[in-house]
Structure formats: structure tokens, C-alpha cells
Asker: 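I'd like to ask you about the structure that follows.
Just so you know, these numbers use all the heavy atoms, side chains as well, and skip hydrogens, waters and symmetry mates. Quick note on labels: first sequence line is chain A, next is B, and so on, each numbered from 1. Values in this document were obtained by computation on a predicted structure and should not be read as measured data.
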Amino acid sequence: MAVLIGGRIVRPWAWGLAASVWGTAALAQQGNISGTVTDSATGQPLAGARIQSTRQAVFASTDQQGHYQLHGLTAGPVTLRIVMLGYASSAKTVSVGAGQTVTVDWALNAAPFTLEDIVSTATGDQFKRELGNNVGKIETTQLVETAPITNITQVLTGRTAGVSVLLGGGTSGQGARIRIRGVNSVSLSNDPLVYIDGIRVASDAPAGIYWGGGRVSELNDLNPEEIESIEVVKGPSAATLYGTQAANGVIRVTTKRGRSGAPQWNAWLEGGIINDTYHYPSEYFSKAVGSDAPCYPWQQSLGQCQIERLYTLDLLNSPSTTELTTGFRNQVGASVSGGTETLRYFVSAESELETGPVKLPDAEADYLRQERGTDDIPYTQLRPNHFNKYNFRANLNASPRSNLDLAFSSGFVVNNLRLPQQGDNDISLLASGITGSADPSVVAVTGGWGFGRPADIVGRQTFRKSDHFINSATANWRPLSWLSTRGTFGIDYLTYADEQDVLRGQGCTTCTIQGMVERDGLKRENRFFDTKYTADLNATAQFRLSSRIGSKTALGAQYNHDKVFAVLGQAGPMPPGIVSLSAGASKLLSESTTDIVTLGSYLEQQISLDDRLFLTGAVRIDDNSAFGSNFRSAVYPKVSFSYVAFESRHGVLSNLRFRGAYGASGQSPGPLDALTYYSPVTATTFGSPATPGVIIGGSGDADLKPERSREIEAGFDAGLFNNRVNLEFTFYDKRTTDALVQRQLPQSLGGVFQRLENVGTVSNRGVEISLNMRVIDSPKLTWDLQVEASGNRNRLISLGDVPPIVGFGYKNIPGYPMFGLWWEGLTGYADKNHDGLIDPSEVTVSDTLIYLGSTIPTRNLSVNTEISLFRNRLRIGGQFDYRGGYVVHDVDQLFMCGFQGNCGALNDATHYSLEEQAKAVAGASAVGAYAEPGDHIRLREASLSYTMPARVARWFGAHALTFNLTGRNLLLWKFGYKSWDPENVTSGSSDAAAYAFAVQPQPRYFIARVNFTF
Amino acid sequence: MFRVSAKVGAVSAGLLFILAGCSRSDLLQADTPDIIDPGSVDNLQGAPAIYAGAISEMVFANTASLHALVLYSGLFTDELLHAGTPPATREFDLRDVLATNLDAVGSVTNPGPYHMLHRARTALEEGAAKLTDLLPAGDPRVGELWALAGMTYIEFGENFCSGTPFSELDPVVLGSPLTTAEMLDRGLDRLATAAGTAGGDASIVNLVAVLKGRALLDLGQFAEAAQAVAGVPTSFVYQFNHAGPPSRQPNQVYQQNTSDTFSVPDREGINGLDFASANDPRVPVSEPRLSRQDGVSPQVYFLKYTDIADPIAMATGVEARLIEAEAALQANNVGDWLMKLNDLRTTVSGLAPLTDPGTTDARVDLMFRERAFWLYLTGHRLGDLRRLVRQYDRQAEAVYPTGAYHKQGLTRGTQLTLIVPQPEQNNPNFHASDCEVNTP
């Protein structure tokens, strides 16, 4: 790595040497501080408080007795700052003599909110007051004990302004898209990076087998019970030092650590039910006299035909044909933490299983028993959605010397997931109902089911079986009083098998997959080996330039290597009774490798004045294996300020801090995007059914470089009314330049379809407001309110000379939001002949594609609340979640009315409004007639938690016992959306093609849970 | 145990950074095992792979991809009916295709028919040029690739609008639009090269002859067309080969029909032929049922193919005789015309001899009906409908499927040719208005 500065090549080692020489002058003798931290009101010791020197990278946490020790402090005046959740932070300055141990005790005052906190950054832990950025932090420990939280996605939902969790569908095991401050990239992923205990991990494993469009999120592999906190680094100005690939933000997960003291056991047990509570549309068929064709009322009114009879069917609601039922889940786990000052441990294990609320309809099960001549239908087909997940974690922290801390973190997850065929899929369970027909001649043959009947669909069984092993080791070594170093090394190893099994004689009757007839028996097995290596080195020199001015210099290097190797197999036809790649008479085999390496180094300099004003400047330089051969290194600068105007004042305005930052980050292209190459194919020529051939595979751009996002962020943090109210306001302006855009090449070239080029510009602007309030604060009653609000204005500014990118229902065109919905739309209707019916001549539609709205919510508002009664013994909580400013393409209704002609608005028109009739008759030619506002409010969470009296806990041999009743997705208020769930979208990880078709909606969860502490 | 001096600590930290910086190229090394460096196949050992790849691209473009030309050209005419649901596919059946149509534009994994045909063209031309250098003179594979390259130009001329551009990939030269006649002329040029490089291989010689006759017929040079195919035996067949896995070349004409995406129509749009009800052994079909995809279209299966590995005859001696018959009709030699048609019919059991319908228009109708049934789903029909308008002065709306669509209350459009899709507008030498979709 070499950097060209001022025409001269400067290498990183020179930076390190400079830092060493610079700091040598500050070498001094050392002393120690120890003490105890207690609650000022109760005198009880407090475990988990963090005490840190403001001038050195020296810190400690209290053990279960509230004790702490700080070693290696530079002799002289030392300022300590203490931080603990739920207590007011404070600072003390003491004088430490060389070789002395000074005692400093703390009695902390409870405070609902505090401006102070410690945040993990790329250079190490920092006080929040030093940062020029807003970093969202979610403490998960209490949350998972009391709220209906089953995965990390749910932890992130509605708890940090600027973070949009787009759920997509409600299938058990299905993940979500996470977008932070809008979407930056036209052609690359908009997923944030995820770090767990300092190493980069897989969060979005690619789907090997299509099951309907939803994504399976590996982020949800992590057990929320194992997590201490989650921090959200929101934009490029904060993520600069994470370098290339961090432009979409970074989610940092910190798992729990042991605290010294006797072993403390926690155990939990929960069980719950899952219900689908939606009412689905019926199927209609208005039969014409003397014909098998339909005759709609408007046609009859115009004299085109005569209706003989209106037939109806209610496939998705009728008890005998519905696919929806009650699902269930249970979870049991335990953890233990403890240890000594020198060695601490946290170990946990959990088993979780969930069966989604989908079943093979009873009538279809009967049909299947008859078809197969047996009553023995496999349970996996009767209940096609299920997962079993097992989590294990062992974390060790060792302090073999006063200036050396070691941390080892190891997590292992086994997840066996069974997925139903759902969503935009020609054999989707829900789609088979949506496309069903009430035509008696169809009912007689297929039961009325459309695309495929459920009895056939469940014959195609889809599984994901994954093992996820996340290991990291971190060493913090402070060789000198002013110098701390950190090395983090880790491997995230994810292996998963996507399988699809169809026994001979089962499955879809019309499907052929890669040339193999499904009904003849088929096996697909795609095995992925996803390995991410992280090495992260950092050295921080911290010292005082004067009594008022402090300096902190950080130098670091990172190595990230992401490699996904896959073996893809398919075999068929099968002999009866077996599904195995070995048994298939014909076999398909291929492999795929994605390999990308990033090497980065950074230098950060911070100057502080009176511990109130913090000015930071930094630069990161990256090389990446995917950059074009003509491009060398990416340079990302950063500057920020933080100014604590005042703090700990009594009165209306207790604390006030201003902050601002400018920074840049990037996203690298894919590993082959800069290359020109041939691809191998299996050709068939005369006399040779399978012969190797080569065709053009890629026409890459040798000048390819990362797309670059720069961001300006400014805001303030205010504590009001003696810190009973905490307000954070942030404005950001993010601009992505050199955006990588898939340019569709002129097809007359006869080459590849498209290639990535750095031609686009994207803008995201927005505001974020976080408001935390303790509305009532009395010994017997407290009421906390958290409001997280954000608005985002996304615009594609330019595509260079690339024409607008048009996909299925979306268009990326300068001047409009990315992935906005564009279709021919319904522009008007009128019942001109006053027959109460709308016919095609009475609607007007646009003859060109028109902009119908953003497909991604532009407004988010979440209200989290908790009321504690009887000295915190009874807690009542909930979350209301609003999403707005977007449209959902209701393809469910479109399919029924526009394509299948089986909807009520067409067949039974007099019972529908003129608008609904107009949509129905216009739908066939104006697909966008079914673009509907997605705005909604959902009662996402509700919880009731009761801490039993100690004597009751003792009956179980426990110190504490808590009983919770929680619910999820309990109520939904829609503002314009006519179908069932406005959170439904078909797309998986992509932001494109965000339409709703046959997606299973968010189900309702009721969960009972018991927590024991021993 | 950790007796490390402060200076040593600082130096160690510095060393770590030096290590991180000094071996940049090694650390940045990434594996790319799935791709082939173009230089590694430009040799004698690579020649068979270049040949197979080029052939595969041609078959993929015509009959083996989801957006195969034979399917979409058939859908545009009366050869196929859309029995599925996607609106983009339906637009082809409606003859009302936008340049942004998703099927026309295609995607990375499923290229559109226009893109695939250009891919085939460049693969065949570049492959032929490379094989000329790599293989011994007279190797018929060179001639075969040139002949198929010629065929792509003919297919462009028959199916796509006048004003279709042609570019070159290596080196990149963005081309300008060609008229229909210019496309056909280019096809004849390639066929001339093919004739000279066929190495005397009878199969390739006959292939070149049939394609030449086809191009000349499109150009209205009937006598020359008949002359070109005169030496081709009626039994000659040049077929596109298909296979199941692991080949990338399944017979999609079979597959898309059996999956209820496309159906054999009957008198589609007033002017369509009675393919589904004629009970003609050249177009064997099933009884109609309801499409399992859209639930409203009559689904009729084409029973000529029963497997995804079935080959499709794309250039035949039968076509040669049909060319001769049409030339005879053009020369007003009705007896010869009828004899040639009836001679062909004797090769299939169950076909009664034809009689002269008596009028010129009826004879032309019969001629094109015979071509339609003999050449059903081989990519000839759209070119024939255009010729009826262009060469026989028929009104387009008396030839193409027209009027009310069979579902969703829609009405057919007026396009006469396939459109050049929107990505071509990235070519500065091409403008959307260059593509004359309403010109036969």
C-alpha cells in the first residue's frame, strides 16, 4: 500500500514511525485507580458500569460487586468518566502518583437518559461526546426479556431513526431488507455491512433455490439473547474508516461478556402461537348464457352477453380449503456468566423452533390421500413452513496483564428451515388461490385452484440447512501509557445447503426445471461455503498537548476477504421412493466462486479542547481486488466536530451538544465486473448432446472504481428537564457519485447484456429525530416514551449518458426516486351511461408509463412506550410503527381483475364502488391502476411483564422470576391500501420489483415467556 | 511472561503495518476459476469449443431460449397464442410491443430475441474468422458458421423492422441501421463466403443453397431463388439440435407449449390459419383444454415434438421445393406450381392432393397456407406475412391477426415487425424512429 501525497509516495509504515516518535516525548511513570460503584439511592453495587480515562485508552467495567480497577495511568491529574445505562454519567479528576493506587468510588444517580455513552468505532471504543455523528444504539438485554422479539430484524425495527426494516413477507424464517438513510446504489446492493464482535459477517446469503422471492436473512441467525447491544453507523460520514463497501452504513453487534463474580445463570422458556388474521378475496365467475366464457355485468349492460349465473368460491377463507392455520413456536435457552478479574466467561445455548401458519388445505390433504392411496402424508408436506434453530455461544475475556486484554468470541448456529412455495411463483400456495376459478367446470377438475393445486405444490419441498460459525479474537495491548494497540482477527464461516426435493409422482404437474420434468422426481442441492476473513489492526496514541488540549492519533489497517464457493447440483428423474443426487438418472453439476479482497489503512487525528470541543480528521485508503486494472486506490476523507455546549445543568435545558461531520465511503463492484472473459457452456451439436463450448461472458470496464458516497451530517443532542427528555436531531445530505450503473449495452454489439460503469449520481437527504422521554417518574409509576422519526428524500440525480433503467414496474430515471413505480395508470373514469357499472369505454388510462410513487417508505415514525408499575414489578410496553410516503403495487388484485377476471369488482360489480370497478376494467391495459398508498400504522409489539415476588422465585430455586405475555402485529390501520398487508413485497434482497403478489402477510404472534435468574 | 519494553512494543506495532503494506499484490489476489481468458482458447485446441459455442448461440437464439425467436415471431403471427399471464409476453401476441418491453429487452439470464440473434451473429462471424485461421483449409465447420451467420441476417430481415442496426464487438464499432433489403444482401454476402469455405460438404452446400433461396425469395427474386435451391434434394434436412441437461439447448418450442405458456391457435384474430382444427398431419395437435396458466385461453399442444431433446428442422429440401413452387406461381406456371406442392404432400400420409383454386389470389393463399403448415414454428411465418403485404399487395389487416383479443377485452395493435428494443438506443447511430415497425 502506497499513497501519493504531494507527488511523493508515502507508505503506512512511515505513519506508524511518525506516531511512535511523536509519542515518545510523552512517556511517563504510571499509577492505578480502583473503587466501587453503587446506586446513590439504594447503596446497591452496580455491575456493568464503565469507567474510562478521558486522556488514555484505559478503561474498566465493574464486576458483580461493583468493583473496578484501572491500571497503567499516567501519573498526574487523571480525569475519569463513568457511563452506565439508566444512570447519569459523571466525571471526576484525581491526582495519581507514580506507583500509587488511588481509590475513587462512585454513587450514581438514576437518570432516564443521558447524553453520554460509549460507542464502538473503527478505531475502538469512544465516548459518544467525541463523535461528530449520530450513532444509533440499541441495548438489547432488557428488550428481549420483555418484548416479543424473536430475531435481530425485530430488534432493529422502529428503534433507531433512519433505519428502515422492510419486512417483505411473513413466512417463518424469512428475513428483511434493511435500508439506512435511503438507497444509494442503482445496481449494487443497498444492504449495510454487519460486524459482530469486530469482524465482518454474512448477513445476506444468496438464495440458491427460488421459492417465491423472499430472502432468508443470515443476520437472523444470531440469537438476540446473546447480544449486549447493536450500534448503527448510519452513513458514509460515520463509516469512513470502514472503507469500501461501507457506504450503506454499518451495523455493529456486540455480544454479551462475562462479568467477574460467582456464576450467574439465566434461563428462559417461551411458547407461542402464530395466526394469520387476514381476510382474502373470494373467486367469482359470472357465467354467460350458452357459453363457457364469463359474462361480466358491464358486458351484459352493453348487450354483449347474458349472465346465466354468478358462481363464487372462497378458497383462501373456507375452512376446508384454506391454507392458513395456527402456527406455533417455542424457545428454551440458558446462559451463564462469571469468572475472575483475569478470566471471565459468558456461555449460552438456545433451541428455537417455529412452525408457520401455513398448511396443506384439508380438502387437498384428502385429495392427496386418495391420489397416493395412503393416509400417510408426510408432516413436512402437511406443514410446509418450519424451522429449528440451535444457537451456542462461548465468549471469554482474559486480562493476563494489567496492560493486556484478550477477548475470544465464538458463536455457532445450526438452522434447519423448511420453506413453502409462496410469493411470485408459478406454484405458489397463495397464488393458486388468487388465480383460482369459481367456474364449475374448473372446480370439477382442479378443485378451483389456479396456477397449481396445493396438493401438487407441497410435493416440492424446499429446505435451507445452514451452519454458521462466527469466531473472533481481539487483543488490546497498551504497551505504553499513551499508546494502545488492538488487533482483531476473525473468520465467519457460513455453510448452507439449499435443497429442493420432489419424489417421483409428486409435485407440479406442468413444471420442468432446467430440462428435468418435476413429476418424474427431482433433487436440487446447492451447497454454499461462505467465508469471510477479517484482520483489523489499530494503534492509538493519546496524550495531552497542554492542560486544555488533548490529542488522539489512530492508525489502522484492515484486511477483508470474502469468498463464496458454491457447488450446484441437480438430478432427475428418480426411481420411486428416493430423492438423491446419486439416484437421478440425469445430473447437472456446476460450481461458482465469488472472491473479493479489500485492503485498507487509515489515519485519524483528534484534537480536543477542555473535553468539550472535539475536532477530528481522518483519511482511509483502500485497494480492492475488484477495482479495474487502470484504477489504483480509493481515498476517503473525513472531518467532524462535536461541541458540548453545556452539561449536567438544572433547568429546562440540561445538556446540549452540537455535532457535524463530513465523510466519504464507497462500494466496490463485483469481482468480475472489470474483466473481459469467456464463459463455458454445454453445447449440443450434431451427434454430440453435450460438448464444451465457449461464449462471450463479460466485457468489463478496466477503469472501474468504487462508487463513492459522501455525506454531510449535522445536528444536536439536548437533554431537557433534568434529563427526563432527551432529544436528538440530525440532518444529513448524502450524495453518491461515480455510482455504479449497469449500462445496458447496444444489443447489436452481440456482446453481454450490460456492464457496470461509474456514471451515476444519487442523492439522499433527510432528517432524523429521536425523542426519549420519561413522562412520569415516581417510585411506583414510570412511563417512558421513545419516538423515532425520520424522513428521506431520495433522488436519482443522473445516470450520465445511460438511458433510464426500466425493470418490471420500476424505473430509474433522473429526477425521481430510485426504484419508483412506473406503469400505465388509470387517469379517470365516469359512469357515462348511468347504469351503475363501469365499462372499458368509461375509463381513461395513460398510454405511457407514469410515475406512481416511491416503493420504499419515505416517512417512518415509531413510538415505543413502557409503563412500569409497582416499583418496576409490572411493565406494560408496546410499539406503534408508522410507514408512509410510498406506494405498493397490489398485484394480487391486479391478477384477479386484470389478468384472471375472477374478482368481485368484475363479476359482481354492483356490490363494488365505481372506482373499484374502474380499476378492474382498466387493470388489463393499465397495470398501474392497482398502485395504492402503502401508508399504515401497525401495533407492532405489545407486552406485559410481571416480576414475581422473590419468594415465588425461590420456589424454583431462582433469585428472580419474570413472566411475560407479548403480542406482535396485533393491529393494522391502512390508509388507502385495499389488499391485505401493505408491508408485503415480492422482492428479495433487491429494491427492484417491489410489488405485492401472493406474499404471505405478517402474522400475529402471541407469546408467553418465563425468565429465571439463578 | 510479557516482559516487553515500551520501545519494542512501538516497533512491533509499526512492523505489523509494514507487513500489511508490503505484500499488496499477494494479499489482493482473488480467485476467478469460473471464467476463461480469451487468449487461452485462440488455438487449435480451443477451436472445437469456439465452434460449439457459436452453434450453441445460434440454437439458443432460435429455439432453445425462453425468448427464442421462433416462439416470439410465432406469437406475433398466427402460429402461437399467449396462454400465460405476463403482460410483456402478451404484447407480442397483440402486435403492440414497446421498445421497453421486458421480453424484448431481455435480461442477463434470459436475453431477448433481438439480443440473442445479434449474439449468435457475432459469435458465428467471429468464430468463423477464428476457425479460418485455426483449422486446415476446407474444414466444413468454417462454412457452416458462415452459413449460419448468413441465416441470422436473413432472420433479421424477415422478422425485425427495416432500420435495424448492426454493430461489431471486436473491435467495437457501433453500426447504423440497415434496410430490410440491405440485411438480406448482407446475408447473401455471408452465404457466398460460406459456399467458398464449405469444403464440398454436401450438407453445408445444401444449407447454403436453401438459405440463399430464402433470402432471394425475400428480395422478390423468385426465379433466382428457384435456381439457387434447384440442386437441393427434397430429403435434405439441416436441424437445430437440442438436448436435456446438462445441455443449455432444450427444445423450448416444446417446453413452452407443454407448460401452457403458448398454445396452438385456431384462426387467430380473424385472419389466422386453422392450425388447431385443420387436422393436418404436418401440424399434429391435441384437443383443446383450458390453459393452466391464465385459466381462460384454449390450450392446444403441438404434438410434433414430444421431448425437449427433439431437434427442429430449420432448413430443408421441402423448403427448397416450396421456393420452387412459389417461383413457378410467380411465373404463372400453375401446373408446375401445383405439381410441386402435391409432390411434397405425397411425402406425408394423410394429405390429399390439392386442386387448383382457380384464381390468382386463391393460389397465393394456398401457396402461403402450404408454406405455413410445412414450415410451422420454424421462424418463417412472419417473413411470409410481410411478403404477402410487400410482394403480393395484401392489406396488412387482411393478413395479420387483427381485431379483438381473446381475453381481457383488449384489441390488437398494428405493428408489422418485431421492434428493436430500447437498449439499442445506447447506440448513438440508432434512433427509435429508425425502426419502421409498420413497414412490411
Asker: Below 4.5 Å from any heavy atom of chain B, which atoms of A/Tyr296 appear? Answer side chain, backbone, both or neither.
Answerer: neither
Asker: Is it the side chain or the backbone of B/Leu410 that comes within 4.5 Å of chain A heavy atoms, both, or neither?
Answerer: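 When you check distances to chain A, only side chain atoms of B/Leu410 fall under 4.5 Å.
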Asker: Where does A/Tyr677 contact chain B at under 4.5 Å (heavy atoms): side chain, backbone, both or neither?
Answerer: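 Contact with chain B involves both backbone and side-chain atoms of A/Tyr677.
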Asker: Please assess A/Val694 against B/Ile50 for the test side-chain contact (heavy atoms from CB on, under 4.5 Å), listing each intermediate value before the final yes or no.
Answerer: CA-CA 6 Å; A/Val694 296; B/Ile50 293 172; 4.2 Å; yes
Asker: Could you work out, with side chain to side chain contact (heavy atoms under 4.5 Å, CB included) as the rule, every residue matching A/Glu591, not counting sequence neighbours?
Answerer: A/Phe565, A/Thr593, B/Pro33, B/Asp34
Asker: Please classify the contact between B/Ile308 and chain A as side chain, backbone, both or neither, with a heavy-atom cut-off of under 4.5 Å.
Answerer: side chain
Asker: When heavy-atom pairs shorter than 4.5 Å are enumerated against chain B, which of A/Thr684, A/Val597, A/Val442 gives the highest number?
Answerer: A/Thr684
Asker: With a 4.5 angstrom heavy-atom cut-off, is it the side chain or the backbone of B/Glu57 that approaches chain A, or both, or neither?
Answerer: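 For B/Glu57, the side chain is the part near chain A, not the backbone.
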Asker: Among B/Ala123, B/Ser247, B/Pro250, B/Gly127, single out the residue with the greatest number of heavy-atom pairs under 4.5 Å to chain A.
Answerer: B/Ser247
Asker: Given a strict heavy-atom distance threshold of 4.5 Å, which part of B/Leu102 is in contact with chain A: side chain, backbone, both, or neither?
Answerer: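 Side chain only.
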Asker: What distance do A/Thr685 atom OG1 and B/Ile55 atom CD1 have between them, rounded to the nearest 0.5 Å?
Answerer: 7.5 Å
Asker: Examine whether an atom of B/Ser167 lies under 4.5 Å from a heavy atom of chain A, and if so say whether it belongs to the side chain, the backbone or both; otherwise answer neither.
Answerer: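 Both backbone and side chain.
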Asker: Once you round to the nearest 0.5 Å, how far does CD of A/Gln514 lie from CZ of B/Arg248?
Answerer: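 Those atoms lie 13.0 Å apart.
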Asker: Need one label for B/Val420: side chain, backbone, both or neither, based on atoms under 4.5 Å from any heavy atom in chain A.
Answerer: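 Answer is neither: B/Val420 stays 4.5 Å or more from chain A.
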Asker: Of all the heavy-atom pairs spanning B/Pro165 and A/Ser748, show the shortest one and how long it is.
Answerer: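 In terms of heavy atoms, the two residues are closest at O-CB, 3.4 Å.
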Asker: Do you know the tightest heavy-atom contact between A/Val681 and B/Ser56?
Answerer: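 Distance-wise, the nearest heavy atoms are CG2-OG, 4.5 Å.
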Asker: Counting only non-hydrogen atoms closer than 4.5 Å, can you tell me which residues of residues 108-117 of chain B sit against chain A?
Answerer: B/Val108, B/Tyr114, B/His115
Asker: Looking only at atom types and distance, does a side-chain atom of B/Asn426 sit under 3.5 Å from a main-chain N or O of A/Gln744, one as donor and one as acceptor?
Answerer: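 Yes; at least one donor-acceptor contact below 3.5 Å.
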Asker: Heavy-atom cut-off 4.5 Å, strictly under: side chain, backbone, both or neither for B/Gln252 against chain A?
Answerer: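 Interface part for B/Gln252: neither.
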Asker: Determine the sole option in B/Leu169, B/Asn427, B/Thr122, B/Val173 for which the side chain to side chain contact (heavy atoms under 4.5 Å, CB included) test with A/Leu749 is passed.
Answerer: B/Leu169
Asker: With a 4.5 angstrom heavy-atom cut-off, is it the side chain or the backbone of B/Pro311 that approaches chain A, or both, or neither?
Answerer: neither
Asker: Checking the side chain of A/Gln747 only, and the main-chain atoms of B/Val105 only, is there a donor and an acceptor separated by less than 3.5 Å?
Answerer: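 Checked: pair present.
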Asker: Once you round to the nearest 0.5 Å, how far does CD1 of A/Ile596 lie from CG of B/Leu28?
Answerer: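 Atom-to-atom, A/Ile596:CD1 and B/Leu28:CG are 10.5 Å apart.
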